[in-house]
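See structure below.
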Amino acid sequence: MVVTKEEVQALYKAHILPENNNPYHFEAKDNASTSLDAYNPMCGDKFQLHLNVKDDTFDTVHFHGFGCAISKASTSILLRKIEGISKVDAIALCEKFLKNLTEDNQVDEFDKELNTLIALKHFDGRIDCIKLPWEALLAHLMKG
Amino acid sequence: MVVTKEEVQALYKAHILPENNNPYHFEAKDNASTSLDAYNPMCGDKFQLHLNVKDDTFDTVHFHGFGCAISKASTSILLRKIEGISKVDAIALCEKFLKNLTEDNQVDEFDKELNTLIALKHFDGRIDCIKLPWEALLAHLMKG
Amino acid sequence: MLKNTKTYFPIFKKYPDLVYLDSAATTQRPKLVIDAINQFNSFENANIHRGVYDLSNSATKNFELAREKVAKYLGSTNPKTIAFTSGTTNSINIVASSFLRPRLNKDDNVVITLLDHHANFIPWQMLAKEKEAEFRVVPIDKNGNLDLTVLEKSLDQKTKFLSLNHISNSLGTTTDIGEIIALAHKKNIPVMIDAAQSIAYYDLDIHQLDYDFLAFSGHKMFGPFGIGVLYVAEKWMKNITPYNYGGGIIKDVTIEDTTFSDFPFNIEAGTPNISGVMGLSSAIDFIHKFDKKEMIQHISDLVNYCTDQLISIDKVKIIGNPENRSGIISFVVDGIHPHDVASFLNQDNIAVRAGMHCTQPLLAAMNTSATVRVSFSIYNERKEVDQLKNSLVELIKFWS
Amino acid sequence: MLKNTKTYFPIFKKYPDLVYLDSAATTQRPKLVIDAINQFNSFENANIHRGVYDLSNSATKNFELAREKVAKYLGSTNPKTIAFTSGTTNSINIVASSFLRPRLNKDDNVVITLLDHHANFIPWQMLAKEKEAEFRVVPIDKNGNLDLTVLEKSLDQKTKFLSLNHISNSLGTTTDIGEIIALAHKKNIPVMIDAAQSIAYYDLDIHQLDYDFLAFSGHKMFGPFGIGVLYVAEKWMKNITPYNYGGGIIKDVTIEDTTFSDFPFNIEAGTPNISGVMGLSSAIDFIHKFDKKEMIQHISDLVNYCTDQLISIDKVKIIGNPENRSGIISFVVDGIHPHDVASFLNQDNIAVRAGMHCTQPLLAAMNTSATVRVSFSIYNERKEVDQLKNSLVELIKFWS
Ligand SMILES: Cc1ncc(COP(=O)(O)O)c(C=O)c1O
Ligand SMILES: Cc1ncc(COP(=O)(O)O)c(C=O)c1O
C-alpha cells in the first residue's frame with residue numbers, strides 16, 4: 001500500500017507534529033525507579049524512558065533523548081498510555097499494538113492516537129521508528 | 001582457437017601417448033645432487049625431478065611421480081632437452097618455451113616435440129599441465 | 001522421473017548437447033533465478049538498512065523476507081537464526097572462530113570425519129593446532145561408509161564439537177545425520193552440519209534433525225555465487241561474536257570501545273550481497289516447484305543406472321561403495337589419469353570434474369590421488385549416462 | 001559536464017523521475033554490467049579451477065583475466081597483487097587479522113583518522129584492544145580536514161600501521177593520500193588505503209601513490225554486490241596468511257597438517273563469487289568509457305552547485321567544510337530530524353540517506369548524531385539539485 005504525499009502530510013500535521021512539538025513529560029528524571037534506553041543503532045535514535053513504578057503499576061513516567069518526529073511522537077503517546085496502568089496491562093497493550101503494527105491488516109481497534117501510529121506503518125521505512133519505544137519497553141518488562 | 005577432437009586425438013596418438021608410455025629416465029634417483037618437486041595442488045599432479053649437476057651443467061637427470069599424460073610427457077620432454085646443457089641455457093630455454101606457450105601466438109620455432117607441446121596449449125584447460133615441470137625448474141634455477 | 005526439467009535452464013537451450021555432470025561443483029541456474037537477479041540489478045538496486053527512500057525500503061524488506069524464507073526452508077520460525085554469509089566455507093569458519101575458539105581448551109578435542117571437504121576440515125584442524133587440542137578424524141570403512149559405533153567411540157567427555165557433512169562431495173556417501181546428532185547430543189556435544197551437497201534436494205527440517213549449526217551455499221542449490229547461509233540454533237545465538245568488523249553490526253562506536261548487535265546482524269558486517277540474497281530467495285522458490293522426494297528419486301535413478309553402466313566397463317573402477325549414495329560417483333580408469341579422462345570426455349561435450357575434489361585426506365585413505373567425478377541434478381537424463389559410457393569405452397579403446 | 005549518462009542505467013528508464021542522490025551507499029548498475037552478469041549466469045556458468053571442460057575453462061580464464069584487469073586498473077602489472085574478497089569491509093579485516101595481528105605488540109600503536117568509516121575503524125580498534133596496543137585516532141579540524149602536521153606527529157617509532165580512507169563517506173573530505181603515504185613511509189610505516197569512495201572516479205595509480213594495501217567494493221563502482229578487492233604490495237605478499245580456511249587455498253592437506261598457497265590464492269578459500277568477478281570486470285570496462293578527469297569535473301560541478309543551493313536555504317546547515325570535497329555533502333535541517341527530512345524528500349522521489357553513515361565517532365566530533373547525506377555520481381544533473389532545494393524549502397515551510 002502506497003501512501004500519498006498528501007496523506008502523509010495530513011497525518012504529520014494532525015498528529016505527529018503536535019506530539020513532536022509538545023511531547024508528553026519530555027524531561028530527564030534520572031531518579032526514577034527504572035530507566036531504560038530505547039535505542040536504534042541503525043539510525044542513532046535514542047530515548048531514555050524514566051519510569052516510576054509503584055505496586056507493579058506505572059505511576060509517573062517521563063522520557064528524554066533524541067530521535068525523529070515519528071519515534072518521538074510514538075514514545076510520547078506510549079508514555080501517555082501506560083501511566084496509571086499495571087505492568088501486566090502494559091505488556092498486553094505493547095503486544096497488541098505491535099501485533100497490529102506488524103501484520104498486514106489491523107485486526108484490533110485502538111483509540112485515535114494509536115490508530116494514527118498504526119496507519120503510519122504504510123509510510124515505508126519508518127515502522128522501526130514507531131516500534132522503537134514499544135519494543136524496548138516490552139523487552140524490559142518481559143525480563144521480569 | 002578450438003581444437004577438434006580429431007586433432008587432439010592425433011596429437012595424443014603421435015606424441016603424448018608414446019612419451020607417456022615410455023617416459024625418459026622415469027626412475028626415482030634419490031641420491032641426485034638436486035631434487036625438486038613439480039607439484040600442482042589444484043589437481044594433485046606431482047613429479048620429483050632428480051638432477052645431477054656437474055660444473056653448472058646438467059649431467060644425468062631423472063624424474064618420478066604421478067600425473068596426467070600431458071604433464072608426464074611434458075616433464076619427460078623437458079628432461080631430455082636439458083640433459084647436457086648448462087644451467088644458464090636451461091633458464092633461457094624454459095623462459096623461451098613458457099613465453100611461447102603463454103602468449104597467443106607462437107613467435108619462436110622449436111623442434112617437433114616442443115612444437116607439439118605448444119600446439120597443445122589450445123587444448124583448453126591443460127596448459128597448466130604442460131607448464132608444470134618447466135615452471136618448477138625455472139623457479140628452482142632462478143633461486144640461485 | 002522428472003520430465004523436461006532442462007527447459008528451466010537457459011544454458012541447455014544454448015547448448016542442447018551439453019552433458020553437464022558437475023552439479024556437485026555448482027548447479028546450473030534456472031531462468032527464474034537469473035531473472036530475479038537481473039530484475040534487482042536493473043530496477044530495484046539500492047543499499048539496505050539505513051535508507052528511508054522507496055528503493056532502499058523495498059530492498060530492506062525483501063532482504064529480511066528472504067531471511068524468513070530461508071528460515072522456513074529449514075523449518076525454523078525464527079528468521080534471526082539465519083545469517084547471510086559468502087558461502088559454506090565462510091559459514092564454517094565463522095563457527096570455528098567465533099563459537100568454538102573461546103570454548104576449546106588444551107587437551108579438548110574436536111571431531112570431524114574423513115569424508116569431510118577441506119572447508120569442513122582445515123578450519124577445525126587449524127583451530128585445534130592453535131589451542132593444542134586434539135583434532136580427531138573419524139575413519140571410514142573401505143566402502144566409504146561411516147561406522148556409527150566408531151564415530152560414537154570418538155566422542156568423549158573432552159569432545160567440544162562435532163562437525164560433519166551430510167553428503168560427501170567426493171564419494172557420494174549420505175550419512176545418517178539425524179542419528180549422529182542424537183548420539184552427540186546425548187553427550188552434550190554441539191553439532192555442525194555441512195549441508196552444501198544436500199540442501200537443494202533433502203529435507204533438513206530442524207525439528208527432526210536438531211542440528212546446532214548448519215552451513216550451505218547458494219550456488220549449489222540453483223542460486224548465485226557469493227552467497228551462503230549460516231544457521232545457528234537459538235540457544236547458541238548469544239555465543240556468536242562478530243567475524244568481520246565493520247558497518248551495520250554495531251550498537252555504539254566510540255574511540256574507546258564498540259558494542260555489537262546480536263546474531264545474525266553481528267555477522268553481516270559491511271554491505272551484504274543483496275542481489276545474491278535475492279537470487280537465493282528465488283532459488284528456494286524454484287526448489288518449491290518440485291517435490292523433494294521426486295527430486296531424490298530422479299537423481300537416485302540416474303546414479304543407480306550410472307553405477308551399473310560404469311561397472312560394466314572393463315578398466316573402470318568406482319571409488320567407494322556407500323550404502324546410501326546420493327547423486328555423486330567418483331571413479332578411475334585403469335592407466336588413464338583422471339585429467340586425461342575429463343579432457344577427452346569434454347571433447348564429447350561431457351562436463352565432469354577431475355582431481356581431489358578438496359578431499360585430499362579422504363582420497364589418500366582410498367589409495368588414490370585423484371578421481372573422475374560425475375554428479376547429477378534434476379536436469380540430467382538417462383541418455384546422458386549412455387553418452388558417458390560410450391565416450392569412456394571409446395577413450396579406453398583409443399588409449400590402449 | 002557529461003551528457004546523457006542516465007541512458008546507460010536501466011533504473012532511470014523505469015523511473016525517469018527518480019532523483020538518486022545515494023551513490024555513496026551504492027552506485028546504480030549500468031546495462032553493460034547487468035548484461036555481463038546475466039550472460040554469465042545464463043550461458044557461461046561453471047565453477048572454476050578444478051574443471052577441465054570448456055565452460056569451466058573459460059570461466060577460469062575470464063576469472064584470471066579479471067584479476068589482470070583489476071591489477072591494471074591500479075597500474076600494477078602483477079595480477080598476483082590482487083585478491084578477490086566480498087567487499088571493502090572484508091578486505092580491511094583480512095589485513096588487520098592476517099598482516100597486522102602477528103606484527104602488533106603490546107605498547108605499539110596503530111593509527112587511523114576520525115574520518116574513517118566503521119569498516120576502517122573497528123577492525124583496528126579491536127585488534128589494538130586484543131594486543132594491548134594503542135589505538136590512535138587522528139583528529140580533524142572543525143571543517144572536517146585532516147591536518148597533516150597533526151597526522152605526522154601521531155606517527156612514531158611504535159606505529160606499526162596506518163590506515164585511512166581516501167574520501168570520507170560522511171563529510172566528503174578528500175585526503176591527500178599521496179603525501180600521507182610518503183610521510184608514513186619515511187618512518188617505515190605500511191599504509192592501507194580504504195578507497196571505497198574513490199575507486200570509481202579517481203586514478204589510484206600504484207606507481208604514483210605507493211600504498212601498501214588498498215581495499216574497495218564492486219558495488220560502489222557500478223559493479224555488483226558481494227565482490228571486493230584487496231591489493232597487497234609485492235613486498236608484503238609473503239606476509240599474508242589465510243583468513244578463511246577451505247578449498248582452493250592449499251598445497252597439501254593431511255590429517256596432521258596443511259600447507260597453503262601464496263597470496264592471493266590463499267585468501268580465496270571456497271568457491272569465489274565468480275559472477276561477481278565478471279560483473280566487476282565489466283564495471284571497469286564501463287568506467288573506461290569515460291575520462292576520469294571529466295567524471296571528477298562533472299561531480300565537482302554538481303557538488304559546488306549543491307553547496308551553494310543548500311547554503312541559500314535558511315535552517316540548513318552543512319556539516320563540515322573540507323578544502324577538497326568529493327561528491328558527498330552531509331547536512332542537517334534545524335528542528336527536523338534527518339530521518340524525517342529523508343522521508344519527506346522520498347515523497348518527492350528524491351533518494352538521500354539519513355543517519356550516522358557508519359561514522360559515529362566522526363559525527364560525535366562534529367556535534368551531531370545524524371545527518372542527511374546527498375552524494376553524486378556521473379548520472380546526476382543540476383536540475384536534480386534544484387529539485388532537492390525546492391523540496392527542502394517546501395518541507396521547512398510545512399514543518400514550521
Ligand atoms: C569509506 C568507506 N569505507 C568502507 C565502506 C564499506 O564498504 P562495504 O560495505 O562495501 O564493505 C564504505 C561503504 O559503506 C565506505 O564508504
Ligand atoms: C561438502 C562440501 N562442503 C563445503 C563446500 C564448500 O562450499 P563453498 O565452496 O561454496 O564455500 C563444498 C563445495 O565445494 C562441498 O561440496
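Nothing here was measured: the structure is a model prediction, and the numbers come from that model. Throughout, a chain's letter reflects where its sequence line sits, starting with A, and its residues are numbered from 1.
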- Query: When the ring planes of Tyr20(D) and Tyr53(C) are compared, do they come out parallel, tilted or perpendicular, using 30° and 60° as the limits?
  - Reply: perpendicular

- Task: Against chain C, label Ala364(D) side chain, backbone, both or neither, depending on which of its atoms sit under 4.5 Å from a heavy atom there.
- Result: neither

- Task: Would you sort out whether Thr271(C) and Thr26(D) count as a side-chain contact (heavy atoms from CB on, under 4.5 Å), showing the intermediate values?
- Result: CA-CA 9 Å; Thr271(C) 304; Thr26(D) 198; 5.9 Å; no

- salt bridge (charged side-chain N to carboxylate O under 4.0 Å, His left out) partners of residues 341-350 of chain C, not counting sequence neighbours, each pair once: Lys5(B)-Asp348(C)

- Query: Measuring heavy-atom distances to chain C, does Phe344(D) have an atom under 4.5 Å in its side chain, in its backbone, in both, or in neither?
  - Reply: neither

- Task: Answer with side chain, backbone, both or neither: which region of Asn349(D) has an atom nearer than 4.5 Å to a non-hydrogen atom of chain C?
- Result: neither

- Contact class of Tyr243(D) relative to chain C, heavy atoms under 4.5 angstrom: both

- Toward chain C, the part of Phe135(D) with a non-hydrogen atom under 4.5 Å: side chain

- Task: Mind checking the CZ-CD1 spacing from Phe225(C) to Ile48(D)? Nearest 0.5 Å is all I need.
- Result: 8.0 Å

- Is it the backbone or the side chain of Val137(D) that comes under 4.5 Å from a heavy atom of chain C, or both, or neither? side chain

- Scored by heavy-atom pairs under 4.5 Å with chain C, the best of Met356(D), Arg373(D), Lys31(D), His219(D) is His219(D)

- Query: Is it the side chain or the backbone of Gln28(D) that comes within 4.5 Å of chain C heavy atoms, both, or neither?
  - Reply: both

- Message: Quick check on Phe260(C) against chain D: is it the side chain, the backbone, both or neither that has a heavy atom closer than 4.5 Å?
- Response: side chain

- Item | Contacting region of Phe84(D) [heavy-atom separation from chain C under 4.5 Å] | neither

- Message: Between Ile250(D) and chain C, with a heavy-atom cut-off of 4.5 Å, which part of the residue counts as in contact: side chain, backbone, both or neither?
- Response: side chain

- Query: Between Ile94(D) and chain C, which part of the residue has a heavy atom less than 4.5 Å away: side chain, backbone, both or neither?
  - Reply: neither

- Item | Part of Gln347(C) lying under 4.5 Å from any heavy atom of chain D | neither

- Message: Distance check, rounded to the nearest 0.5 Å: Thr27(C) atom OG1 versus Asn47(D) atom CG?
- Response: 10.0 Å

- Message: Between Thr359(D) and chain C, with a heavy-atom cut-off of 4.5 Å, which part of the residue counts as in contact: side chain, backbone, both or neither?
- Response: neither

- Message: ring-ring contact (aromatic ring centres under 6.0 Å, His included) for Phe43(C) and Phe12(D)? Distances and angles first, verdict last.
- Response: CA-CA 8 Å; Phe43(C) 307 124; Phe12(D) 298 119; over 10 Å; no

- So side-chain hydrogen bond (donor to acceptor under 3.5 Å, both in side chains) across residues 10-19 of chain D, not counting sequence neighbours, yields none

- Taking the side chain as C-beta and beyond, is there a heavy-atom pair between Gln360(D) and Thr254(C) under 4.5 Å? no

- Query: Considering only heavy atoms, which portion of Ile37(D) lies under 4.5 Å from any heavy atom of chain C: side chain, backbone, both, or neither?
  - Reply: side chain

- Tell me, for Leu55(C) versus chain D, whether the close heavy atoms (under 4.5 Å) come from the side chain, the backbone, both or neither. side chain

